[in-house]
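I'd like to ask you about the structure that follows.
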Amino acid sequence: MLPAGSYDGTTVLITGGGTGLGRAMAVEFARLGARVGIVSRDPAHHAAGVTAVEQAVDEAAPAGRPKRAVAVGAVADVRDPEQVAAAFDAVESALGPVSVLVNNAAANFPVLAAELSPGGWRAVVDVVLTGSFLCSRELHRRHVARGARPGAILNISAAQAFTGGPGMVHSASAKAGVDAMTKTLAVEWAPDGIRVNGLVPGLFPHQDLPASLRALRERDPDQDATDARRQPAGRVGQPHELGWAATYLCSPFAGFLTGHTLVLDGGNHLRRDFVMPPVVPVAEQLRPRSL
Ligand SMILES: CCCCCCC/C=C/C(=O)SCCNC(=O)CCNC(=O)[C@H](O)C(C)(C)COP(=O)(O)OP(=O)(O)OC[C@H]1O[C@@H](n2cnc3c(N)ncnc32)[C@H](O)[C@@H]1OP(=O)(O)O
Ligand SMILES: NC(=O)C1=CN([C@@H]2O[C@H](COP(=O)(O)OP(=O)(O)OC[C@H]3O[C@@H](n4cnc5c(N)ncnc54)[C@H](OP(=O)(O)O)[C@@H]3O)[C@@H](O)[C@H]2O)C=CC1
């Protein structure tokens, strides 16, 4: 954990910060003093994120300390550049200039590549890759116009980016694009004082995951992906641990670190067995089972 107050006076914008891992990261930034803007499509998600942040800050605050405005939500579909700019405007008018951006919003559903429609491909690639670019571009534009520094961008990726993701070709391809963008923008924007890093969560289950993804681990008690024995570290990730890594990567403690993607997965993506289990075609893995 970073020292208390490490983010005092800093405004952090987190896309998809109202649910799941985005919300957990929002809480950890706020615990360290950040003001947090939560940007996504659904105001109900914003409300959940703002409540979680306010509760965490209140719990950490000394008794009697006045409540601060620490979090706001702003509606935007990250695929639309005008909505992205309007959401930055809304967050900045409430909380001050954004200097840290976490590109966390994502879309994903299991599907065989052969059955994926062009619209389904576009929906996922546009949210994950185009959305991350549009938000990064908006932060850069504002940051440079103000002559502000330092700034930090954190792109949330996935291990599928380097292994491929059978059954998730859209998400794997988009996340690989995000990783290339992390490295590219790190170099282009270093002279502007903006660091750009990536963070890969391993298996971090939570109740906000879409039903189609939850079903992958819940469809058969003998095939539970979250079973501790299936992970080298003997457990899955806890969302606040992702928040600890995110707050480090965007902080001055990582001031010389840019273009790097950190994998937080207990070693899972490195796993190789001497004898691999029999291959089960992805089509069979995705087929609903009759119990
Ligand atoms: C082992 C367990 C854990 C595994 C974790 C693996 C790693 C996780 C990575 C993550 O990214 S988790 C984040 C996942 N979160 C979300 O996906 C939340 C947001 N999702 C959504 O909003 C939707 O699911 C969406 C479909 C991705 C996007 O919504 P949008 O409103 O833009 O799209 P639609 O108009 O509804 O559909 C667009 C397009 O996509 C086709 N489609 C939608 N769902 C499916 C599906 N389940 N299978 C196949 N195709 C689908 C839909 O038909 C449309 O296509 P066209 O009809 O236009 O061709
Ligand atoms: N959970 C896990 O085990 C893993 C997660 N990841 C990555 O971690 C990140 C967080 O995932 P997780 O918390 O599990 O997922 P969630 O499904 O809980 O969160 C996705 C978020 O993205 C937002 N979002 C989706 N589409 C859009 C859009 N078009 N515009 C704006 N916001 C959008 C949603 O908000 P709203 O509906 O309000 O728009 C939602 O808050 C993602 O980048 C994911 O790929 C990677 C590997 C594993």
Side-chain angles (χ1 to χ4, degrees), residues 13-26 38-49 73-81 83-84 87 102-132 134-135 154-161 163 165-172 174-175 178-179 198-220 223-227 230-231 236-239 241-243 245-246 261 263-266 268-269 285-286:
L13 189 155
I14 307 182
T15 64
T19 67
L21 305 183
R23 183 161 76 205
M25 289 187 278
I38 294 171
V39 172
S40 74
R41 299 162 300 175
D42 185 347
H45 290 161
H46 307 160
V75 173
D77 187 320
V78 294
R79 292 170 281 193
D80 180 334
Q83 291 186 36
V84 166
V102 181
N103 283 313
N104 164 80
N108 195 4
F109 48 81
V111 64
L112 294 174
E115 293 172 8
L116 177 60
S117 71
W121 166 269
R122 274 189 215 107
V124 172
V125 172
D126 282 357
V127 173
V128 173
L129 181 55
T130 309
S132 298
L134 293 176
C135 293
L154 185 64
N155 294 323
I156 306 303
S157 186
Q160 302 160 338
T163 60
M168 297 178 180
V169 65
H170 43 17
S171 171
K175 294 289 194 185
V178 166
D179 287 359
L199 176 58
V200 167
L203 190 59
F204 280 73
H206 58 79
Q207 286 313 301
D208 293 325
L209 272 178
S212 59
L213 288 173
R214 279 206 316 272
L216 284 180
R217 62 183 166 92
E218 289 166 357
R219 62 208 287 269
D220 177 348
Q223 297 286 326
D224 181 355
T226 64
D227 181 338
R230 295 180 191 280
Q231 298 285 321
V236 294
Q238 300 182 55
E241 293 177 298
L242 199 73
T261 292
V263 185
L264 191 71
D265 76 342
N268 198 41
H269 75 292
Q285 293 178 45
L286 294 185

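Indexing begins at 1, ligand by ligand and atom by atom, following the structure's order. Note that the structure is predicted; figures quoted are calculated from it, not measured.
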#### Entry: Test item, T15 contacting ligand 2 (heavy atom, 4.0 angstrom)
no
### Task
Note the single closest protein heavy atom to atom 41 (O) of ligand 2, along with its residue, its atom name and the distance in Å.
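The answer is T19 OG1, 2.7 Å.
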### Query
Has K175 got any heavy atom lying under 4.0 angstrom from an atom of ligand 2?
yes
### Query
Between H170 (side chain) and F109 (backbone), is there a donor-acceptor pair under 3.5 Å?
yes
### Query
Atoms of ligand 2 less than 4.0 Å from H45 heavy atoms?
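Checking each atom against H45, I get 35 (O), 36 (P), 37 (O), 38 (O).
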### Numbered atoms and elements of ligand 2 in range of I156, under 4.0 angstrom, heavy atoms
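So the answer, numbered in order with elements, is 7 (C), 8 (O), 9 (C), 43 (O).
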### Query
Does P210 come within less than 4.0 Å of ligand 1, judged by its heavy atoms?
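So P210 counts as touching ligand 1.
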### Close approach of S171 to ligand 2, heavy atoms, under 4.0 angstrom
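False for this residue.
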### Query
Is it the side chain (CB and beyond), the backbone, both or neither of R79 that lies under 4.0 Å from ligand 2, heavy atoms counted?
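Side chain only.
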### Query
Can you list the atoms of ligand 1 that are under 4.0 Å from a heavy atom of A123?
38 (C)
### Query
Less than 3.5 Å between some nitrogen or oxygen of V78 and one of ligand 2, yes or no?
yes
### Task
Looking only at protein heavy atoms, identify the closest one to atom 35 (O) of ligand 2 and say how far it is in Å.
S40 CB, 3.4 Å
### Contacting atoms of ligand 1, where contact means under 4.0 angstrom from a heavy atom of G119
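Listed by number with element: 39 (C), 55 (O), 56 (P), 58 (O), 59 (O).
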### Query
Who's the nearest protein heavy-atom neighbour of atom 17 (O) of ligand 2, and how far?
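Checking every protein heavy atom, the shortest distance to atom 17 (O) of ligand 2 gives P210 CD, 3.8 Å.
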### From L242 atom CG to M25 atom CE, the distance as rounded to the nearest 0.5 Å
5.0 Å
#### Entry: Backbone or side-chain N or O of L21 under 3.5 Å from ligand 2 N or O
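Among all N and O atoms of L21, at least one is under 3.5 Å from an N or O of ligand 2.
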#### Entry: Any Q83 side-chain heavy atom under 4.5 Å of R41 side chain
no
### Query
Taking non-hydrogen atoms only, is H46 closer than 4.0 angstrom to ligand 2 via side chain, backbone, both or neither?
neither
### Message
With a 4.5 Å cut-off on side-chain heavy atoms, are T261 and V200 touching?
### Response
yes
#### Entry: Exercise: identify the closest heavy-atom pair between D179 and A161
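Distance-wise, the nearest heavy atoms are OD2-CB, 3.3 Å.
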### Message
Under 4.0 Å, heavy-atom basis, I'd like to know which part of A106 is in contact with ligand 1: side chain, backbone, both or neither.
### Response
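The answer is both, backbone and side chain.
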### Message
If I compare all heavy atoms of G237 with all of P205, which pair ends up nearest, and what's the gap?
### Response
O-CD, 4.3 Å
### Task
Please state whether R41 comes within less than 4.0 angstrom of ligand 1, counting heavy atoms only.
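Right, R41 reaches ligand 1.
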### Summary
Between the NZ atom in K175 and the OG1 atom in T163, the distance rounded to the nearest 0.5 Å is 13.0 Å
### Message
With the threshold set at under 4.0 angstrom, would you say P239 reaches ligand 2 through any of its heavy atoms?
### Response
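For ligand 2, residue contact (heavy atoms, under 4.0 Å) with P239 is absent.
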### Message
Could you tell me, atom by atom, which parts of ligand 2 come under 4.0 Å of a heavy atom of G20?
### Response
13 (O), 18 (O)
### Task
Check each atom of ligand 2 against the heavy atoms of A76 and keep those under 4.0 Å away; list them by number with element.
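Under 4.0 Å from A76, ligand 2 has these atoms: 30 (N), 31 (C).
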### Query
Closer than 4.0 angstrom: is that true for some heavy atom of L203 and an atom of ligand 1?
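Heavy atoms of L203 do come under 4.0 Å of ligand 1.
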#### Entry: Non-hydrogen atoms of Q160 and S171 that approach each other most closely
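That would be OE1-OG, 2.9 Å.
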### Message
If I take atom NE2 from residue H45 and atom CD1 from residue I38, how far apart are they, to the nearest 0.5 angstrom?
### Response
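Going from the NE2 atom of H45 to the CD1 atom of I38 covers 11.5 Å.
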### Task
Check whether any side-chain heavy atom of L21 lies under 4.5 Å from a side-chain heavy atom of I156, and answer yes or no.
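A side-chain contact is absent here, since even the closest heavy-atom pair is not under 4.5 Å.
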### Task
Could you grab the distance from atom CG of D80 to atom OG1 of T130, nearest 0.5 Å is fine?
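D80 CG to T130 OG1: 11.5 Å, rounded to 0.5 Å.
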### Message
Contact between H46 and V75 at the side-chain level, heavy atoms closer than 4.5 Å - yes or no?
### Response
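With C-beta onward as the side chain, the pair touches.
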## Note on the structure
Scanning both residues in full, the closest heavy-atom pair of A87 with A76 reads CB-CB, 3.8 Å
#### Entry: Within-shell test, P201 vs ligand 2, heavy atom, strictly < 4.0 Å
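Within the 4.0 Å threshold, so yes.
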### Task
Heavy-atom contacts with L213 under 4.0 Å: which atoms of ligand 1 show up? List them by number with element.
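Counting from 1, the qualifying ligand atoms are 2 (C), 12 (S), 14 (C).
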### Message
Using heavy-atom distances only, which candidate in P118, S117, S212 approaches atom 56 (P) of ligand 1 most closely?
### Response
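Nearest option to atom 56 (P) of ligand 1, by heavy atoms: S117.
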#### Entry: Numbered atoms of ligand 2 (with element) below 4.0 Å of A105, judged on heavy atoms
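By the 4.0 Å cutoff, the relevant atoms are 22 (O), 23 (C), 24 (N), 32 (N), 33 (C).
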### Query
Would a distance-only check, ignoring hydrogens and angles, find a side-chain to backbone donor-acceptor pair under 3.5 Å from E241 to Q238?
yes
### R41, portion touching ligand 2 at heavy-atom distance under 4.0 Å
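Both backbone and side chain.
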### Task
Give a yes or no on whether the backbone of N104 and the side-chain of T15 come within a donor-acceptor separation of less than 3.5 Å.
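Yes, T15 side chain to N104 backbone: donor-acceptor pair under 3.5 Å.
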### Message
Heavy-atom distances under 4.0 Å decide this one: backbone, side chain, both or neither, for V127 against ligand 2?
### Response
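The side chain, only.
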### Protein heavy atom at shortest distance from atom 46 (C) of ligand 2
S157 O, 3.4 Å
### Query
Quick one: does R79 get a heavy atom under 4.0 Å from ligand 1?
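Checking ligand 1 against R79, which is what was asked, there is a heavy-atom contact under 4.0 Å.
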### Message
Using side-chain heavy atoms (C-beta onward) and a distance below 4.5 Å, is R23 in contact with D208?
### Response
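R23 reaches D208 side chain to side chain.
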#### Entry: Candidate with minimal heavy-atom separation from atom 20 (C) of ligand 2, of A158, A106, G16
A106
#### Entry: Among D126, V124, V125, the one residue meeting side-chain contact (heavy atoms from CB on, under 4.5 Å) with R122
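Filter result, single survivor: D126.
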### For atom 3 (O) of ligand 2, closest protein heavy-atom neighbour
F204 N, 3.0 Å
### For atom 10 (C) of ligand 2, the protein heavy atom that lies nearest, with its residue and separation
N104 OD1, 3.0 Å
#### Entry: From NE2 (H269) to CG (L203), nearest 0.5 Å
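Here the rounded value is 14.5 Å.
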### Message
Starting from atom 12 (P) of ligand 2, what is the nearest protein heavy atom, named by residue and atom, and what distance separates them?
### Response
H206 NE2, 3.3 Å
### Message
Distance check, rounded to the nearest 0.5 Å: D42 atom CG versus D77 atom CG?
### Response
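Output value for this atom pair is 12.0 Å.
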### Query
Can you list the atoms of ligand 2 that are under 4.0 Å from a heavy atom of D77?
28 (C), 29 (N), 30 (N)
### Task
Let me know which of L264, L209, D265, T226 forms a side-chain contact (heavy atoms from CB on, under 4.5 Å) with F204.
L264
### Task
Can you pull out the closest protein heavy atom to atom 48 (C) of ligand 2? Residue, atom name and distance to 0.1 Å, please.
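So the nearest neighbour among protein heavy atoms is G202 O, 3.2 Å.
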### Query
Heavy atoms only: which of W121, F204, F109 is nearest to atom 49 (C) of ligand 1?
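Nearest option to atom 49 (C) of ligand 1, by heavy atoms: F109.
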